[in-house]
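Accompanying notes for the structure given below.
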Amino acid sequence: MDVKERPLKLYFIPYLAAGHMIPLCDIAQFFASRGHHVTIITTPSNAEILHQSKNFRVHTFDFPSEEVGLPDGVENLSAVTDLEKSYRIYIAATTLLREPIESFVERDPPDCIVADFLYCWVEDLAKKLRIPWLVFNGFSLFSICAMESVKKHRIGDGPFVIPDFPDHVTIKSTPPKDMREFLEPLLTAALKSNGFIINNFAELDGEEYLRHYEKTTGHKAWHLGPASLVRRTEMEKAERGQKSVVSTHECLSWLDSKRVNSVVYVSFGSLCYFPDKQLYEIACGMEASGYEFIWVVPEKKGKEEESEEEKEKWLPKGFEERKKGMIIKGWAPQVVILEHPAVGAFLTHCGWNSTVEAVSAGVPMITWPVHSDQFYNEKLITQVRGIGVEVGAEEWNLSAYFQTQKLLPRDRIEMAVRTLMDVSDQALQIRRQAQNFSRIARQAVQVAGSSYNNLTALIHYVKRFRDSAEG
Ligand code: UDP
């Protein structure tokens with residue numbers, strides 16, 4: 001075989017959180033589907049929930065449960081419900097797993113490592129092995145650009161315009177200091193890598209942001225997504241991240257009985273724990289809007305052990321009996337739901353995966369950011385690309401678990417839902433634009449599409465590295 005044709009050997013090290021792991025493993029699948037040898041490095045419980053594929057190998061290391069004081073099998077952020085335990089997962093992943101992963105990689109080095117940006121130590125390893133190192137953090141490039149701008153410029157308290165930015169974008173309140181202190185050094189460390197891998201297609205972030213990023217940082221970014229589009233069959237789409245608590249069949253037959261664009265899908269990702277009072281406002285707002293819905297709530301809600309009294313703290317009396325929608329208590333087959341023609345809007349926390357999955361499905365969004373990159377994603381959705389409306393959340397939370405925010409009242413929720421679901425010129429324009437981006441997203445991953453071509457270019461880039469090292 002011509003040396004240039006020889007497949008690459010790539011190691012992927014995803015962070016132990018659904019929002020990082022699902023897209024990075026789907027991106028690994030893009031490489032594998034081009035015939036490259038992909039190994040995903042993770043822990044046993046995470047390996048179990050990975051998309052089963054014969055295309056790649058999975059290498060596991062025991063999760064240091066005892067050292068961090070977590071029960072056996074709790075190895076992912078989605079399996080914990082508070083900040084303190086999420087920190088233990090973080091320490092296990094970023095510190096305690098370092099040594100075993102490093103010795104494995106050194107014993108049998110790949111041509112390239114693709115690692116979550118939380119694993120900063122990969123820099124030294126890649127340098128030692130003289131191989132390229134690519135980083136992934138699950139953010140859009142738009143949000144990375146916003147964070148880079150905020151990092152470079154002093155911003156005061158209160159509303160601010162993102163400094164030195166291609167669009168005039170106003171953010172209504174300042175990001176928390178703790179969040180900046182955590183994320184900014186990671187973004188700086190990532191600049192030393194050979195480039196960012198982005199789960200998006202270039203057209204949604206926009207060429208202007210790619211140019212802006214490369215010009216202001218001198219760092220490269222490869223748009224390879226939408227990652228979720230690597231999944232073709234209904235089963236592949238349903239089994240992402242965790243086993244769903246409802247059958248796909250049940251969701252689809254419920255949706256099949258509804259009119260096109262008549263249902264609102266409500267979900268706040270894999271890590272969002274609103275207080276009961278906020279859930280109550282959501283229930284009232286959705287009911288008042290008059291639209292049917294699928295609403296995903298945390299698993300513990302509505303379990304048998306929950307008394308009527310406890311239930312009434314987050315659900316109005318008789319809510320379930322009135323059957324205005326379907327409540328899914330736990331993990332939902334999100335991509336399958338979003339792709340159903342009955343779904344007309346997505347009330348979302350603007351997690352980047354959820355956003356890009358909605359865009360791929362052509363579903364306009366009602367945006368309710370909670371923390372991290374979500375406030376920037378919201379602006380890309382609403383102000384810059386015109387594919388959603390804002391519910392009016394302004395206060396950043398430090399994390400998904402630590403919610404200090406003021407309640408968003410039911411009438412704001414009802415109004416945002418109506419703005420998108422009632423017939424109006426504005427709603428029609430937003431829906432058309434969402435469908436337009438869906439078409440572009442699907443083309444992007446087809447042969448000769450923008451993400452397809454970026455993947456080809458990236459493969460050549462890594463091959464040039466390998467081939468010049470081999471002389
Ligand atoms: N997800 C899912 N079912 C659920 C909740 C989440 O399939 O019930 C998936 C969702 O499709 C997305 C990921 O989990 O791929 C969540 O990532 P996102 O960036 O949207 O939010 P995060 O959970 O990181 O806040």
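Positions are given from 1, in the same order as the sequence printed here. What you are looking at is a predicted structure, and each value in this text was computed from that prediction instead of being measured. Numbering of ligands and ligand atoms starts at 1, following listing order.
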Please state which protein non-hydrogen atom is closest to [atom] and give its distance, to 0.1 Å?
| atom | result |
| --- | --- |
| atom 23 (O) of ligand 1 | S270 OG, 2.4 Å |
| atom 5 (C) of ligand 1 | W331 CZ3, 3.6 Å |
| atom 3 (N) of ligand 1 | A332 O, 2.7 Å |
| atom 15 (O) of ligand 1 | E357 OE2, 2.6 Å |
| atom 24 (O) of ligand 1 | G19 CA, 3.5 Å |
| atom 19 (O) of ligand 1 | N353 ND2, 2.8 Å |

With a cut-off of 4.0 Å, which atoms of ligand 1 are near a heavy atom of [X]?
| X | value |
| --- | --- |
| S354 | 18 (P), 20 (O) |
| G351 | 18 (P), 19 (O), 20 (O), 21 (O) |
| W352 | 19 (O) |

Keeping T355 on the side-chain end and G351 on the backbone end, is there a donor-acceptor pair under 3.5 Å?
yes
Would the distance check show the side chain of E239 and the main-chain N or O of E236 forming a donor-acceptor pair, the cut-off being under 3.5 Å?
no
Sub-3.5 Å N/O-N/O distance, S267 and ligand 1
no
Check each heavy atom of H349 against ligand 1 and say whether those closer than 4.0 Å belong to the side chain, the backbone, both or neither.
side chain
Backbone, side chain, both or neither: what part of I22 comes under 4.0 angstrom of ligand 1, heavy atoms only?
side chain
Residues that F293 engages under ring-ring contact (aromatic ring centres under 6.0 Å, His included), provided they are two or more places apart
F319
Taking ring-ring contact (aromatic ring centres under 6.0 Å, His included) as the definition, give me every residue that meets it alongside Y90, ordered by chain and number, with sequence neighbours left out.
Y87, F182
Ignoring hydrogens and angles, state whether a donor on the side chain of N453 or T456 is under 3.5 Å from an acceptor on the partner side chain.
no
Assess Q242 for proximity to ligand 1: is some non-hydrogen atom of it under 4.0 Å away?
no
Evaluate the ring planes of F274 and F268, with Trp represented by its six-membered ring, and classify them as parallel (under 30°), tilted (30 to 60°) or perpendicular (over 60°).
perpendicular
Can you tell me how the ring of H59 sits relative to the ring of F61, calling it parallel under 30°, perpendicular over 60° and tilted otherwise?
tilted
Flag the pair W314 / Y273 as yes when their ring centroid distance falls below 6.0 Å, and as no otherwise.
no
Could you tell me if the ring centre of H20 sits under 6.0 Å from that of F136?
no
